[in-house]
Amino acid sequence: MEKSYDHLRTEADWYRRWEEAGLFTPAPEPTGIPFSIILPPPNVTGSLHIGHALTLSLPDIIVRRKKMQGFHVLWLPGVDHAGIATQMMVEKNLKQETGQSKEDLGREKFLQLTWEWKERSQQQIVGQIKKLGLALDWTRMKFTLSDEMQRVVRKVFVALYREGKVYQGTYMVNRCPNCKTVLSDLEVEHKEVQGRLTHIRYPLRSDPRRWVVVATTRPETMLGDVAVAVHPKDPRYKKRIGQEILLPLTGRAIPIVGDEDVDREFGSGAVKVTPAHDPVDFRIALKHGLEKIVVIDERARMTGPIPERYLGLDRFACRRAVVEDLRAQGLIEKEEDYVHNVGHCQRCETMVEPNISKQWFLRTAELAPPAIEAVRAGETVFIPDKWKKVYFNWMENIQDWCISRQLWWGHRIPAFYCADCHEVIVSEQDPSACPKCGGARLHQDEDVLDTWFSSALWPFTTLGWQDDRADFRTFYPTSLMVTAFDIIFFWVARMMMMGLHFGKAVPFREVLINGLIRDEKGQKMSKTKGNAVDPLDIIREYGADALRFTLAIQAVPGMDIALAVGRVKGYKAFTNKIWNAARYVIMNLKGDEPAAFAPARLSAPDRWVLHRLNALAEKVNAGFDEYRLYEAADLIYHFVWDEYCDWYLEFSKSDLDSPDTRAVLKLTLLRILQLLHPFMPYLTEEIYQRIRLERAFLIQTEFPAFRSELVFPEAHAEVEALRRVVAETRRTRTENRIEPNKRIPVYLRCDAEAERRSLQAHLKYYDFLSRSQRTEIVDDFSGLPKGFRGVCPNWEILLPFTDDQDRQRELQRLRQEHDKLDKLIAQMEAKLGGGFAEKAPAEVILNFKKNLQEAIDKRAKIARTVVDLS
RNA sequence: GGGCGGUUAGCUCAGCUGGUAGAGCAUCGGUUUUACACGCCGGGUGUCAGAGGUUCAAACCCUCUACCGCCCA
């Protein structure tokens, strides 16, 4: 084996071999309890980012352990067509390369181009996913816009339409003038912006010298005003209700209405009503039967029955023009700076334009309650628990979902319009004639569905619900969904509604919510900020295993991760450490190691390491079961480094001629590989192949579990005592600047007979680890050469001086330590004198007293030594 | 306006049911001991944001405050 671990070599080829061996493809017949996870499909917009590395690695770690535990595991991959995002990218690309717009190309050609883009992007993404080592079953891979998915999405849409849950209606929706499509409420981000509040005088029709002042941040919308509203109980305006305003610039007469929704505190207390361009005004208009005058079009340009000079102006240009004209007429009361919340397109950050239009909606009134109830009843569990509150809060206030989009890339809405009788036909098959009038002049709705619509169906459609396939029956409901909190509403909530409605059960039993990955300063990563970390760079430099381990050990559920590259580096060192531990073990194997061993024949360190490893397996399993992967990873890390390498391998060097010890070396190495395999699949596989036992691949072996026959409390206690004495000897040597390599004589004294006998029997370990030339355990230090002293529970250590300077140094050190202990003991005794002794549980007091006694003993020993040396 | 997080060693973070604080990196001293210098041995480092409360005992529970961040309306 090479002296250091080469992750590039190891990670190059294993994936192909795993895949070829079909390790990730579950057999048709269940071989155990089913366990399934559906991969949140990455968008085909480009490449994976570091956030994906987290949401991909965590379930993979879980999946690999489940496989090793004998579950019948499915981990199903897919990619998402990502409507808006992809279409915009392709459009941008097209513009850059040929200067053409998608309209220049036409729908069909543009879609063809997008499909080509999708193929390239998908290839890239799949390649990246494989680099991470994910145990995905590629034979079952899905794409949200495949023919199969188009069929099932259409089937679902038609079913919902027939149930009256999908409907077409003219309502106020959010429109992005840049993306040229409507958006759902969720795709709108509210951001505070610095605006101006303009107070405009609206003259009364009856007496143009008197006016009502209205305040607005959007003066250009006044061209579409149909009323002025005041609170019916507002004494300032009560008498004006029913009167009319002569709307400036247009000359239209509009009424003053009273409405309880008016906020009396805002501006002057009177508000202008523009129903076509403001959601609140829209509601007011509905109540009062006011007309809706559209004055801004889809591209945010002025339109409609307005003075010609404004027609075609951009909304912001028109705003300036309107204010200027009003000022010229002396109708601006005042203008003031004003900070307010404005909706922005999540995708392109353009200010959205509220706008009335005819769109398709999904009625949520009947879908949401079962989804709420399922979580309340514990059929789906959020981890951590607190996220269910977020879920409830949203679900209980859910609005109907606008599902149509003015895009080309997506599931085309299966609605057809008859040109003759205007009948709307929604059906699974394309109709050839109008069922009402028999006319053949039909055209399909131009719009496509919101991408999240197909995503909402993902857990059951990927498993073949539409054809009642065996996978659906075996793996639905899926076991777990791992995702970040930012898509609880977009995705998790909607999967719950659709899964329950069509799949007749919750889509997943558990939802593991992880945080976002930030940079090492805690800043959100973004390309524009330039602080984004490319997972492939990390993998190239440190390895997928190191990256996976770093993410796992930091992934406290629901908490953001600040990814410090230094940590990845640290865990890369860990991979090398494991490599070398394995190298040591394998180098020393002779092939004659017994397959089974009798505990009685094992050395104390052998039994100690088996005991420790067994305890580790128990805790690691508990960590996994409670989704504390970070804890499981941390425990393994410390066991391997601090116990296995630092102590057991060192102990074993004294026993290499024992076949039993060599057998234990081999077994413990295997167990470590198994425990670590979910986190570090490549490294562990590479090493496993060199000590391979009965199974071809590590993932086919059994994940270690706690076993009662591997509990050895006596050996454990003996070795722990031995470690303490060795550690204290080392400390004494270092503190006194005894050359690390120098072998010197050591005298030991012990207060506990059992420990003394045990150490006497294990002197070879002690001598080796503390570099003792010759060790003598004596009853009494008197009569021996004077020396440095070390003290630990039950033991005193004497390392003879080589000159008198040594003695002076030691005396000084001992006096200092004596003082320290004095203070500590005083503190502890004071505590014991207080209420602590009366009220604390007996066990705690006992432990405390033990610690106190140890301190007192140690102080006494030091005191004696000081006298002795003086 | 409502809600949720965070504030612990120089940096990034753990700390599960309250029992005198830990990891990685960095740092300091020593060390090429026959698996590993990506190593080994040893060390230093903290008014656990602040104030108050509950308790024998608080990083942990309660209240308030400050700052940072997020979500919803």
Side-chain angles (χ1 to χ4, degrees), chain A residues 1-5 7 185-186 189-190 341 384 386-387 389-390 392-394 396-397 399 485-486 488-489 515-516 518-524 542-543 546 549-550 553-556 558-588 619 622-623 626 628 630-631 633-635 637-638 641-642 645-646 649-650 652-653 656 665 669 726-743 768-771 824 827-828 831-841 843-845 847-848 851:
Chain A
M1 281 173 84
E2 299 72 27
K3 201 171 167 183
S4 60
Y5 173 58
H7 66 271
D185 296 344
L186 275 179
E189 279 180 0
H190 293 269
N341 266 307
K386 64 171 184 177
W387 290 107
K389 263 166 72 179
V390 177
F392 286 144
N393 188 38
W394 189 74
E396 281 159 5
N397 297 293
Q399 304 290 314
F485 62 82
D486 54 344
I488 290 180
F489 306 141
L516 300 177
R518 299 170 176 278
D519 73 4
E520 45 201 309
K521 292 193 178 65
Q523 300 289 308
K524 208 165 173 174
Y542 305 105
F549 200 80
T550 308
I553 208 166
Q554 293 208 88
V556 178
M559 294 282 295
D560 288 353
I561 293 178
L563 186 72
V565 175
R567 279 196 86 147
V568 187
K569 202 174 156 192
Y571 295 116
K572 163 151 192 316
F574 180 49
T575 61
N576 190 57
K577 185 74 179 173
I578 297 162
W579 177 260
N580 275 286
R583 184 163 165 252
Y584 164 80
V585 171
I586 291 165
M587 266 170 38
N588 287 298
K619 284 189 233 157
E626 288 156 45
R628 295 201 308 262
Y630 62 99
E631 195 181 274
D634 191 63
L635 286 165
Y637 177 90
H638 284 107
W641 205 310
D642 302 344
C645 290
D646 287 353
L649 294 189
E650 296 302 320
S652 77
K653 286 174 184 172
L656 282 173
L665 278 170
L669 175 61
V726 168
E728 181 59 22
T729 309
R730 285 171 171 171
R731 197 172 304 123
T732 310
R733 287 182 64 123
T734 304
E735 262 175 20
N736 296 295
R737 309 204 172 270
I738 296 172
E739 285 175 52
N741 249 332
K742 195 173 176 188
R743 291 195 166 269
F768 177 71
L769 295 177
S770 50
R771 307 201 78 70
L824 179 69
Q827 265 175 24
M828 292 178 87
K831 179 168 176 173
L832 210 51
F836 174 69
E838 294 157 35
K839 303 200 178 172
E843 197 190 347
V844 173
I845 294 177
N847 196 38
F848 189 85
N851 289 338

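In what follows, every chain begins at residue 1, and chains take the letters A, B, ... in the order their sequences are listed.
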What integer distance in Å separates A/Tyr542:OH from B/G24:C1'?
13 Å

Between B/U27 and B/G44, how far apart are the two C1' atoms, rounded to whole Å?
9 Å

Please report the distance separating the P of B/U45 from the corresponding atom of B/C38, rounded so that it comes out in whole Å.
28 Å

B/G1 and B/A58: how far apart are their C1' atoms, nearest whole angstrom?
34 Å

Roughly how many Å apart are B/A21 and B/C48, using the P atom of each and rounding to a whole number?
11 Å

By the Watson-Crick or G-U definition, both distances under 3.5 Å, B/G44 is matched with none

Considering only heavy side-chain atoms of A/His638, the closest of B/C41, B/A23, B/C56 is B/A23

Calculate the interatomic distance between A/Arg567 atom CZ and B/C13 atom P; express it in whole Å.
9 Å

Verify the contact: side-chain N or O of A/Lys577 to OP1 or OP2 of B/C40, cut-off strictly under 4.0 Å; return yes or no.
yes

Is A/Lys572 close enough and on-axis enough to A/Phe549, meaning under 6.0 Å and within 45°, for cation-pi?
no

Can you check the A/Asn580 CG to B/C40 C1' distance for me, whole Å?
13 Å

Distance, C1' atom - from B/C28 to B/A35, rounded to whole angstrom:
27 Å

Could you check which of B/C38, B/C70, B/C13 has an atom nearest any side-chain atom of A/Gln554?
B/C13

I want to verify a distance call: between B/A35, B/G43, B/C16, whose nearest atom is closest to the A/Leu649 side chain?
B/A35

Base, sugar-phosphate, or nothing: which does A/Ile488 touch, judged by heavy atoms less than 4.0 Å apart?
nothing

Proximal nucleotide (of B/C36, B/G24, B/C56) relative to the A/Tyr571 side chain
B/G24

I need the A/Ile553 CD1 to A/Tyr571 OH distance, nearest 0.5 Å.
3.5 Å

For the atom pair OG (A/Ser770) and CD (A/Glu728), what is the distance rounded to the nearest 0.5 Å?
11.5 Å

Expressed in angstrom and rounded to an integer, what is the separation of A/Tyr584 atom OH from B/C40 atom P?
15 Å

d(A/Trp579 CH2, A/Glu2 CD) to nearest 0.5 Å is 5.0 Å

Does A/Arg730 or A/Tyr5 map to a spot on RNA chain B nearer the 5' end, using the closest nucleotide for each?
A/Tyr5

Pairwise C1' distance for B/G10 and B/G46, with rounding to whole Å:
11 Å

Within the 4.0 Å heavy-atom criterion, would you say A/Val390 contacts the bases, only the backbone, or no part of the nucleic acid?
nothing

Spacing of A/Glu626 atom CD relative to B/U17 atom P, expressed in whole Å:
11 Å

Under the side chain to side chain donor-acceptor pair (under 3.5 Å) rule, what do A/Thr575 and A/Tyr542 come out as? Steps first, then yes or no, please.
CA-CA 9 Å; A/Thr575 61; A/Tyr542 305 105; over 6 Å; no

NA contact type, A/Phe848, heavy-atom cut-off 4.0 Å: base, sugar-phosphate, or nothing?
base

Remember a base hit wins even if backbone is also touched, and classify A/Asn397 as base, sugar-phosphate or nothing at under 4.0 Å, heavy atoms.
nothing

Of B/A35, B/C38, B/C36, the nucleotide closest to the side chain of A/Ala573 is B/C38

Under 4.0 Å from OP1 or OP2 of B/G42: is there any side-chain N or O of A/Arg733 that close?
no

Flag yes if more than 12 heavy atoms outside A/Gln399 fall under 6.0 Å of its CD atom; otherwise flag no.
no

Specify the residue among A/Trp579 and A/Tyr630 whose closest nucleotide of RNA chain B lies further upstream toward the 5′ end.
A/Tyr630

Below 30° counts as parallel, above 60° as perpendicular, anything between as tilted: where do the rings of A/His7 and A/Tyr5 land?
tilted

Mind calculating the distance between NZ (A/Lys389) and P (B/C71) to the nearest angstrom?
18 Å

Nearest-angstrom distance, C1' atom, B/G18 to B/U31
43 Å

Under 4.0 Å, counting only non-hydrogen atoms across every strand here, what does A/Glu650 touch: a base, just sugar-phosphate, or nothing?
base

Taking atom C1' in both B/G39 and B/U32, what distance in whole Å separates the two?
10 Å

Could you identify the nucleotide paired to B/G39, looking across every strand shown and requiring Watson-Crick or G-U wobble geometry with both distances under 3.5 Å?
B/U31

Across all strands shown, which nucleotide pairs with B/G18 by Watson-Crick or G-U wobble geometry, both distances under 3.5 Å?
none

If you check every side-chain atom of A/Phe489, which of B/U12, B/C72, B/G19 has the closest atom?
B/C72

Once you apply the 3.5 Å cut-off to both distances, tell me the Watson-Crick or G-U wobble partner of B/C70, or none.
B/G3

So what's B/C64 paired with, Watson-Crick or G-U wobble, going by both distances under 3.5 Å?
B/G50

Looking across every strand, which nucleic acid part, if any, lies under 4.0 Å from A/Lys653 by heavy atom: base, sugar-phosphate, or nothing?
base

From the options B/G19, B/G42, B/A37, select the nucleotide whose nearest atom is closest to the side chain of A/Thr734.
B/G42

Side chain of A/Phe485 only, please: which of B/G19, B/C38, B/C70 is the nearest?
B/C70

In whole Å, I'd like the distance from the CD1 atom of A/Ile738 to the C1' atom of B/G29.
15 Å

Rounded to the nearest angstrom, tell me the gap between atom CH2 in A/Trp641 and atom P in B/A23.
13 Å

In terms of ring plane angle, is the pair A/Trp641 and A/Phe574 parallel, tilted or perpendicular, where the classes change at 30° and 60°?
parallel

